[in-house]
Amino acid sequence: MTGNLPKDSAGRRDLTGQQLGDYRLLRRLGQGAMAEVYLAEQISLGRQVAVKILKPELAKDQTYIQRFQREARAAAALVHGNIVQIHEVGCIDGIYFIAQEYVRGLNLKQYMARHGPLDVKTALVIMHQVAAALCRAAEEGIVHRDIKPENIMITDRGEVKVADFGLARLPSRGDAVELTQAGITLGTPLYMSPEQIEGKTLDCRSDIYSFGITCYHMLAGSPPFEGDTALSVAIQHLKKSPIPLEHRRPDLPPALCRIVHKMMAKAKDARYQTPWELLQDLRPLEREFLGDLPQGAEALPSQLVAPPIAFTPPDDPTRRLQAAMHEKKPRRWLPAVVVAMLMILAVAGFFGGSYLGKHWVGASDLVTSASALPAPVPKFDSVGAQVLFALHTGTPEAWQAVVQYFPEETYYVRRAKKQLAWLALMDGRDQEAMELLRELANLDASEPELQAFGLAGQYWLLVKQGRFSEAAAVLDALLPLQNELEDPAMRQLFRHALQETLERSRLLPGAGVADKWKQWLEEQTTESNGR
């Protein structure tokens with residue numbers, strides 16, 4: 001990558017379309033004080049990643065470069081379901097970069113902008129998963145140093161992931177904050193611990209403080225300390241006590257307010273000393289607001305820090321589904337990559353974009369009891385526990401149990417039927433799958449994502465069966481809902497079926513509809529393949 005690089009309208013370099021080693025940069029996603037972020041395709045593995053490229057002015061500081069590389073490589077060792085995974089740290093043609101997991105979804109700041117202050121259930125789900133990530137980092141002696149809403153990602157499946165391990169420490173000058181330094185935005189001091197502002201040695205308790213400020217913000221609707229300058233905010237972190245959270249949100253349980261204020265204690269020794277202590281204090285609130293824990297969960301070992309939602313047990317259903325699929329001969333026109341996506345989605349795609357704030361119970365709490373329970377499928381005390389049992393086992397019987405045992409829980413029943421439709425598709429039970437897909441497609445307008453899912457699945461089946469006239473009618477119905485087709489595996493199936501239709505030259509009635517879907521197909525191909 002040499003020569004004069006193109007510039008955008010603001011005069012900044014734009015690497016879109018360039019190739020950086022194994023990565024083709026597709027488009028710029030954003031930028032921060034230290035790095036620009038691009039959506040990229042990793043050519044060798046055919047997957048999308050996020051590539052963070054260090055800004056040129058920072059790349060001139062060799063001391064910072066050495067620390068950047070050392071810390072980013074250390075962060076790459078943090079493998080955890082609630083941490084954005086770093087794949088590679090490198091330098092090509094003087095461009096320093098980090099290639100990491102691409103997370104589809106919103107960061108917490110964007111989520112709060114859409115939804116306002118969070119309800120108790122949603123806040124507890126986020127708090128547990130971030131604390132689990134901090135547990136893993138503390139085990140390795142890594143301090144994030146920049147916990148804030150922008151670095152907490154909420155995926156479109158409702159998982160929470162902490163981003164920017166390895167980029168958090170500020171350049172040069174130790175850990176002290178240069179409060180008048182150009183490029184340091186107000187967003188950073190809003191969440192800094194007192195010891196970080198004073199340039200003292202940091203440990204996991206600094207991250208706990210920053211996370212406490214973040215929790216206060218997501219519950220109260222604004223941070224506890226605000227000001228016109230970074231200096232004024234920093235002084236408040238050092239000297240001022242926050243307005244009690246219960247005064248700003250009288251509806252919150254007092255125990256939750258106490259937890260948040262303990263996290264924000266000025267003195268390190270007055271805070272939680274480890275993220276695990278925070279998790280322990282959250283557990284009674286989780287039982288109260290997110291569902292009953294299965295019997296025996298109270299005896300979880302203290303070293304267990306696996307996240308509640310992103311946890312994957314060693315004998316996970318993905319492997320069992322893979323084994324089952326290998327026993328069957330897949331249809332010639334179904335690509336292997338689509339089969340893999342179906343299997344993964346059967347485990348992880350249940351919740352779509354609306355998981356947060358619903359009934360929940362820790363999956364790690366269910367692993368032992370779920371694997372030991374005999375048939376028929378047992379009934380759990382809460383729908384959240386029943387759903388996570390189904391996620392763990394991955395069988396049609398487990399998903400049917402959600403429908404059977406909790407018929408009044410419409411939200412979960414519909415999504416259980418979505419999983420049953422997937423399993424029927426994977427097993428070649430076309431008639432059963434079609435009935436379920438039609439039921440989803442006929443839902444009211446309050447469930448547009450499930451409607452789109454049902455219609456796209458019907459189209460896939462009809463094309464597979466060569467019933468192109470019927471498929472055309474389904475495609476017409478799907479057109480107004482095309483932006484609601486968010487499920488990644490179903491998008492892949494639908495795209496393949498659309499390609500099959502066009503390749504056979506059986507064009508749909510009405511050139512306008514055909515042209516619109518051709519355009520959609522081109523856009524999807526461009527985004528996935530970088531072409």
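Being a predicted model, the structure only gives us computed values, none of them experimental.
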Apply side chain to side chain contact (heavy atoms under 4.5 Å, CB included) to [X] and list each qualifying residue two or more places apart in sequence or on a separate chain.
X: P117; answer: R249
X: I208; answer: M263, Y272, P275
X: A452; answer: L478, L481, E484, L485
X: I243; answer: Y216, H247, R248

**Prompt:** Roughly how far, to the nearest 0.5 Å, is CZ of R28 from CD1 of I53?
**Reply:** 10.0 Å
**Complete:** One should read off an interatomic distance between L108 CG and N151 CG, to the nearest 0.5 angstrom, of 10.5 Å
Who are the side chain to side chain donor-acceptor pair (under 3.5 Å) partners of [X], not counting sequence neighbours?
X: S193; result: S206
X: E447; result: R414, R415
X: Y209; result: H237

Taking [Y]'s backbone N and O only, do any of them form a donor-acceptor pair with [X]'s side chain (distance below 3.5 Å, no angle check)?
X: R271; Y: K266; result: yes
X: Q100; Y: A50; result: no
X: Q196; Y: R145; result: yes

**Message:** If the condition is ring pair (Phe, Tyr, Trp, His ring centres under 6.0 Å), which residues does F211 pass it with, not counting sequence neighbours?
**Reply:** none
Among residues at least two apart in sequence or on other chains, which ones pass salt bridge (charged side-chain N to carboxylate O under 4.0 Å, His left out) with [X]?
X: E277; value: none
X: E226; value: none
X: K262; value: none

**Message:** For the residue pair K240 and F225, would you count it as a cation-pi contact if the rule is NZ or CZ under 6.0 angstrom from the ring centre and within 45 degrees of the ring axis?
**Reply:** no
**Request:** Assign the ring pair F97 / Y23 to parallel, tilted or perpendicular, where the plane angle (0 to 90°) is split at 30° and 60°.
**Result:** perpendicular
**Request:** Look at E150 together with K148 and state whether they make a salt bridge at an N to O cut-off of under 4.0 Å.
**Result:** no
**Asked** Is K268 paired with E198 through a side-chain N to carboxylate O contact shorter than 4.0 Å?
**Response** no
**Request:** Applying side-chain contact (heavy atoms from CB on, under 4.5 Å), run through T214 and H217 and close with a yes or a no.
**Result:** CA-CA 5 Å; T214 298; H217 184 176; 5.5 Å; no
**Asked** For residues 203-221, which residue pairs qualify under salt bridge (Lys or Arg N to Asp or Glu O under 4.0 Å), counting only residues two or more places apart or in two chains?
**Response** D203-R205, R205-D269
**Item:** Steps toward side-chain contact (heavy atoms from CB on, under 4.5 Å) verdict (I147, L134)
**Value:** CA-CA 10 Å; I147 296 293; L134 294 179; 4.0 Å; yes
**Request:** Let me know which of K161, R47, H87 forms a side chain to side chain donor-acceptor pair (under 3.5 Å) with E101.
**Result:** K161
